[in-house]
Amino acid sequence: MKFYVTTPIYYVNDFPHIGHSYTTIAADVLARWNRLKGSEVFFLTGTDEHGAKIAEAAAHAEQTPKAFSDTISEGFKSAWKKLDISNDHFLRTTDPEHEKAVQFFLEKLFSSGNIYKSKYEGLYCVQCEKYLTAADLDEKGCCPDHKLKPIVHSEENYFFKLSAYREKLLEIISDQNNPRHLAIYPIERKNEIIGKLKTGLEDISISRAKLEWGIPLPFDPKQTVYVWVDALLNYITGLGYRENSETFRKFWPADVQLMAKDILWFHSVIWPAMLLAAKLPTPKKIFAHGFFTINGQKMSKTLGNVIRPDSLIERFGVDASRYLALSLFPFGSDGDISWNALTEKYNSDLANNLGNLVSRTLTMIEKFSAGRIPSTGTGFSEISDNIFNELTGAEKYIENLEFSLFINSVQSAIDKTNRYIEITAPWKMAKENNANLAQVLFNIATNLKIITIFVLPFMPRTCGKIWELLGETKPIEQTALKYFADKSANKNILCATNGAETKKGEILFLRLK
Ligand code: MSP
């Protein structure tokens, strides 16, 4: 099995913030999950560095666009490293190989009659990097998203025959039985796209005559490639499309392409049409998650409310930042976040619930079982089966990108284990020399071991640590892979290991004020 997952490539007009991190963490969880399940995974992310918006930002900073892009692209790379993002490649649209591959692709479309020259006049929003119609503007004549007046562009451009693909797009998006079916989620967004496609589709200009900061058109080098066409192609150039590499042949089409709803039209209409024109397969699934605001306001530098991954990590640590990002609201919906809400969730789910379970389990094993997993404990007891079934049943949530529902199931598994401790009260059993104590401790340790396996893609460091504290000596990934390779035959490797020497670690999640 293979699995190819992508995030958008992010503009380098600003350093990464929590919005970019959100999509990237989600893609990382999917990549890690599929690796555990034994798939061969390719996870691509990167930076989008051409176009008027970047040229403007660079001019403002009194730097060349390339020098400016270098700094910010590095900022993305280092943020993803700090967040333990396990991407297999990081693409920059200024990579010479990408530039060559874009030209190769456009040459193909030109020679197959998909591109023609024509004059165009329109209103262009540089911040959106797209043309707007008069109907798109607000009452002040500004772009509704950026509150800026669009500029009038009038030039001879090259056009892509997007309109020629309207019927085919409608077919592959609407018909689930079509062999090229392009699934768009959430369904409401898919319906919006279908509705819009039904009203018509116009050809789009794919070059700029007056913008130097871009890839020259191969068949008219005085013009540069429209930044969106350049950017969308990253999903295939990053695999080695031009040389028809083994990686490209193995991984294309993408299994899941992630983004927020702001750029769904580009991904679900323009991108597949470009692929159809080049006679390439279209992606299997596109998922547009929601947009979030901070304390009810749009995140913006002018408002000073931008949350950066560095400040999240500083407050909560890497793993908790990853967990919190995906836990606050459903992936497909819009949502609001605030430091308060993040802190509350951190304290309740991680410090109080998971952290407390780990520390009391290890303390009890130390006190009542001389710091070893009881050697007489065996098998899956009712409580372990119960949480095992809960988590196995929740796997579908990851597959469907319902991360917050998966996290709810994890919390329920932790709650149940904590409740089991209250009910069995091992400290009382110890006083009473109850012979069942060993099995009870074994069950609790088993529960924790199962939980770490399922939470691993979300919090790789923490789960690895708990694993070691439980006295496991083989790497957690190895056990997880073995289990997922044959779940029923290998279920027993999820049981705590008899006689393993446990450790009492430091507090995993300090409570925060
Ligand atoms: N460069 C284009 C994408 C080209 S992909 C071929 C672009 N870049 S961007 O830097 O503006 O990033 C947009 C993406 O960042 C969104 O689709 C989403 O993945 C993420 N987000 C940015 N702000 C966000 C929020 N406030 N909320 C949620 N996601 C956000 O568009």
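Every number for a ligand or one of its atoms is a count from 1 in the order of the listing. What's counted below: heavy atoms across the whole structure, side chains too, no hydrogens, waters or symmetry copies. Only a predicted model underlies this, so the values are computations on that prediction, with no experimental measurement involved.
- Between Tyr158 and Phe219, the two ring planes are perpendicular [angle over 60°; tilted spans 30° to 60°].
- Less than 4.0 angstrom separates some heavy atom of His20 from each of these atoms of ligand 1: 10 (O), 12 (O), 15 (O).
- Under the 6.0 Å distance and 45° angle rule, Lys285 counts as a cation-pi partner of Tyr185.
- Counting protein heavy atoms only, atom 23 (N) of ligand 1 is closest to His17 CE1, 3.4 Å.
- Looking at Asp145 and Gln127, their side chains never bring a donor and an acceptor atom within 3.5 Å of each other.
- Closest to atom 11 (O) of ligand 1 among all protein heavy atoms lies Tyr11 CD1, 3.5 Å.
- Not a single heavy atom of Trp271 sits closer than 4.0 Å to an atom of ligand 1.
- Donor-acceptor pairing under 3.5 Å is recorded for the side chains of His98 and Thr237.
- Within the cation-pi definition used here (under 6.0 Å to the ring centroid, within 45° of the axis), Arg242 does not qualify as a partner of Phe105.
- When only interatomic distances are considered, the shortest N/O to N/O separation between Thr23 and ligand 1 falls below 3.5 Å.
- Residue contacts with ligand 1 for Lys298 are absent, since no atom lies close enough (heavy atoms, distance under 4.0 Å).
- For atom 3 (C) of ligand 1, the nearest non-hydrogen atom of the protein is Ile9 O, 3.2 Å.
- In terms of polar-atom proximity, defined here as any N/O pair under 3.5 Å, Met259 makes no such contact with ligand 1.
- Ranking the protein heavy atoms by distance from atom 13 (C) of ligand 1 puts Asp262 OD2, 3.9 Å first.
- For the pair Asp48 and ligand 1, the shortest N or O to N or O distance falls below 3.5 Å.
- At the shortest separation from atom 29 (N) of ligand 1 among protein heavy atoms lies His289 CE1, 3.3 Å.
- Of the protein's non-hydrogen atoms, Tyr10 CE2, 4.0 Å is the one closest to atom 14 (C) of ligand 1.
- Not a single heavy atom of Phe266 sits closer than 4.0 Å to an atom of ligand 1.
- Those atoms of ligand 1 with a heavy atom of Ala231 less than 4.0 angstrom away are 6 (C).
- Near Tyr235, meaning under 4.0 Å from any of its heavy atoms, are these atoms of ligand 1: 5 (S), 6 (C).
- Between Val152 and Glu121 the shortest side-chain heavy-atom distance falls below 4.5 Å.
- The aromatic rings of Trp228 and Phe266 sit parallel, their planes meeting at an angle under 30°, below the 60° perpendicular limit.
- Ring geometry, Phe248 versus Trp252: the interplanar angle falls under 30°, so the pair is classed parallel (tilted spans 30 to 60°).
- Atom 26 (N) of ligand 1 has its closest protein heavy atom at Phe292 O, 3.2 Å.
- An N or O contact shorter than 3.5 Å is missing between Ile263 and ligand 1 by distance.
- When each atom of ligand 1 is checked for a heavy atom of Leu232 under 4.0 Å away, the hits are 6 (C).
- In terms of protein heavy atoms, atom 28 (C) of ligand 1 is closest to Gly290 O, 3.5 Å.
- Classification of the Phe458-Phe406 ring pair by plane angle, with boundaries at 30° and 60°, yields parallel.
- Remark: side-chain polar atoms of Asn114 are not paired, donor with acceptor, to backbone N or O of Phe160 under 3.5 angstrom.
- Seen from the ring of Trp265, Lys196 counts as a face-on cation partner, given the 6.0 Å and 45° thresholds.
- Listed by number with element, the atoms of ligand 1 under 4.0 angstrom from any heavy atom of His267 are 5 (S), 6 (C).
- When ring centroids are compared, His50 and Tyr11 stay outside the 6.0 Å threshold.
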